[in-house]
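Structure first, commentary second.
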Amino acid sequence: MNIKKIVKSQTFRHRLLRLFSWLPDRIMLPLQYYLILHRWPDMRHPERFTEKIQCYKAFYRNAKMLDCVDKYKVRKYVTEKLGTDRYLNTLYQVCKRAEEIDFNSLPEKFVIKTTDGGNGDNVLVCKDKSALDIASTLRKVDAWRNKKYYSVSREWAYKGAKQSRVIVEKYLENPENADGSIDDYKFLCYNGKFRFLWVDKNRYSNHCRGFWDEKLCFLSEVRSDHPTFENAPKLPDNIEEMISVAEKLAEDFPFARVDLYNIQGKILFGEITFYPWSGYVQYSPDSFDYELGKYFTLYQ
């Protein structure tokens with residue numbers, strides 16, 4: 001049984017899962033894992049990456065994670081770790097509530113986010129301010145605040161979100177891509193060491209996802225939840241600088257996925273993620289799940 005196939009609506013799935021918020025992680029996490037991936041995780045001696053993500057959620061605690069998953073506080077973390085703010089996207093506004101957004105001062109294109117959203121949720125993209133229904137936007141954004149995704153995902157780092165704020169950032173686009181989308185480079189780092197890269201391209205048209213190893217060799221046989229590339233796209237000329245940035249940002253954690261953008265040679269920080277897909281994804285070949293898990297040492 002796959003709960004995502006049976007219950008199509010994500011909102012309804014979340015409501016169902018919140019009914020079981022009283023269950024401890026040690027019970028709920030294996031149950032969710034089984035319902036989605038059709039196997040029970042080994043929580044005592046995990047070998048798979050997806051199993052270790054469940055243990056990461058259940059047992060690993062690092063206060064620095066709390067700031068890293070906050071879309072506003074992470075800006076300070078990035079600046080301090082890198083000694084510069086030049087990798088940060090332009091921040092237009094930060095507000096306690098959506099009603100405080102000053103739309104008059106914003107350009108025609110921008111992005112609104114809540115600081116405690118996860119999994120790509122709670123993001124509103126505006127490409128034409130003149131066509132924006134402001135009243136509807138305010139209701140939508142304020143409804144996102146303080147959703148408490150932890151009760152659904154059991155991702156500990158999100159449990160510490162004390163204040164849900166609203167930020168407005170520059171809308172990023174790449175004129176070199178036909179659909180205007182930006183290429184997303186996700187660096188999988190273990191104890192501050194880059195091991196794997198995955199790249200997302202053409203999100204708005206023909207979304208493809210590919211994987212590379214630490215030697216930047218394209219892993220043509222690896223699949224996750226999107227088709228891979230028929231031919232490996234060329235990586236940016238400054239990929240080594242991107243790796244250096246990712247490793248510095250990830251060095252405090254047993255595992256971190258550092259997302260960076262590269263727009264015509266300009267590197268920009270996206271986010272730091274500790275629980276990709278919340279650990280609920282089927283890789284092909286299945287052995288890649290073990291390969292990703294091989295470097296993941298939860299306890300030193």
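Small disclaimer: the values here were computed from a predicted structure and weren't measured.
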**Any K186 side-chain heavy atom under 4.5 Å of V258 side chain** =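 K186 vs V258: side chains apart.
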**Asked** Is the closest side-chain heavy-atom distance between L219 and F288 below 4.5 Å?
**Response**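 Answer yes - side chains close enough.
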**Message:** In this structure, is the centre-to-centre distance between the rings of F253 and Y190 below 6.0 Å?
**Reply:** no
**Asked** Does the gap between the ring centers of F255 and F274 come in under 6.0 Å?
**Response** no
**Message:** Do K127 and Y204 form a cation-pi contact, if we require the NZ or CZ to be under 6.0 Å from the six-membered ring centre and within 45 degrees of the ring's axis?
**Reply:** yes
**Request:** Could you list the residues that satisfy ring pair (Phe, Tyr, Trp, His ring centres under 6.0 Å) with F194, not counting sequence neighbours?
**Result:**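 Ring pair (Phe, Tyr, Trp, His ring centres under 6.0 Å) list for F194, sorted by chain: F187.
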**Request:** State which residues pass ring pair (Phe, Tyr, Trp, His ring centres under 6.0 Å) with Y185; sequence neighbours excluded, sorted by chain then number.
**Result:** none
Pair [X] + [Y], salt bridge at N-O below 4.0 Å:
X: K81; Y: E251; answer: yes
X: R257; Y: D259; answer: yes
X: D184; Y: R203; answer: yes
X: R209; Y: D225; answer: yes
X: E241; Y: R86; answer: yes
X: K57; Y: E155; answer: no

Can you check whether [Y]'s main-chain N or O pairs, donor with acceptor, with [X]'s side chain at less than 3.5 Å?
X: N122; Y: T115; result: no
X: D85; Y: L88; result: no
X: K52; Y: L298; result: no

**Asked** Same cluster or not: are L235 and F211 linked, directly or through other Ile, Leu, Val, Met, Phe, Trp or Tyr residues, by side-chain heavy atoms under 4.5 angstrom apart?
**Response**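 In one cluster: yes.
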**Message:** Grouping I, L, V, M, F, W and Y whenever their side-chain heavy atoms are under 4.5 Å apart, do L260 and W212 come out in a common cluster?
**Reply:** yes
**Item:** Minimum heavy-atom distance between D67 and K73, given as atom pair plus value
**Value:**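 Heavy atoms of D67 and K73 come nearest at OD1-CD, 3.2 Å.
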**Message:** For a salt bridge (charged side-chain N to carboxylate O under 4.0 Å, His left out) check, start with the C-alpha distance between D289 and R39, then their side-chain angles and the critical distance, and finish with the verdict.
**Reply:** CA-CA 13 Å; D289 199 1; R39 59 176 181 260; 3.3 Å; yes
